Amino acid sequence: KNEVEQSPQNLTAQEGEFITINCSYSVGISALHWLQQHPGGGIVSLFMLSSGKKKHGRLIATINIQEKHSSLHITASHPRDSAVYICAVIYSGAGSYQLTFGKGTKLSVIP
Amino acid sequence: DGGITQSPKYLFRKEGQNVTLSCEQNLNHDAMYWYRQDPGQGLRLIYYSQIVNDFQKGDIAEGYSVSREKKESFPLTVTSAQKNPTAFYLCASSTFNGYTFGSGTRLTVV
């Protein structure tokens, strides 16, 4: 079964720190998503990427297709960044746009 | 604003009762999905629909049913056959451009 692995599972940071969350997957993909889930449960899509790098505000997402690896970086972290960050991929040849999800990384940013 | 509306946010039901979770979108997306989330696990696909009047089983469809009579609506029924229905349920829709998720329904069966 195709897997999506995220690390770390839990991450605690001091406000202002630079944060990196990693995601690796097992076979070829057509796209990778980074998602944010707040304590209330709703999910927001942060990035969708298939190559290279994307930046939005203090968030940066990169992907290395050859190494089957993606990273999500948060610069100048803030307590409001505290959430679960989820990596999800669409495997090449998957029906529709079906996502396979990682288990998430729980980030806590302390003031 | 376009988006997905899931209702209710919290739902309590007695064991043995069927319950229907609502999902409505005004994004004009063709594809819609239902996912289940349990503590410590990734989201798992229950059912998906790529077009009106058509839907497909996902990885954990047993004990669930869906309908897609309108493009905007994709309700999920949790039947009494679902052995462990207490969970967080998320609805989503998509185009080639990306996904939009609802805010979820937390179902507790007592």
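Each chain gets a letter, A, B and so on, in the order its sequence line appears, and its residues count up from 1. Note that the coordinates shown come from a computational prediction; the quantities given were computed from them, not determined experimentally.
Taking a cutoff of 4.0 Å between a charged side-chain nitrogen and a carboxylate oxygen, B:R68 and B:D54 do not qualify as a salt bridge.
In terms of heavy atoms, B:V109 sits closest to B:P85 at CG2-CG, 3.3 Å. When all heavy atoms of B:R36 and B:Q82 are compared, the closest pair comes out as NH1-OE1, 3.5 Å.
Aromatic pair B:Y35/B:F88: centroids not less than 6.0 angstrom apart. Aromatic ring centres of A:H33 and B:Y99: separated by under 6.0 Å.
Contact of the B:Q25 side chain with the B:T100 side chain is not registered, since no non-hydrogen atoms from C-beta on lie closer than 4.5 Å. A:W34 places a side-chain heavy atom less than 4.5 Å from the side chain of A:C23.
In this structure, the side chain of A:S82 engages the main chain of A:P79 through a donor-acceptor pair within 3.5 Å.
Chosen from B:G104, B:A92, B:G40, the residue pairing most often with chain A at heavy-atom distances under 4.5 Å is B:G40. Contact count versus chain B (heavy atoms, under 4.5 Å) is highest, among A:Q37, A:Q6, A:Q9, for A:Q37.
Contacts of B:Q56 with chain A are absent, with no heavy-atom separation under 4.5 Å from either backbone or side chain. If you measure heavy-atom distances from B:L43 to chain A, the contacts under 4.5 Å come from both the backbone and the side chain.
At a heavy-atom separation below 4.5 angstrom, chain B is approached by A:G102, A:K103 within residues 102-111 of chain A.
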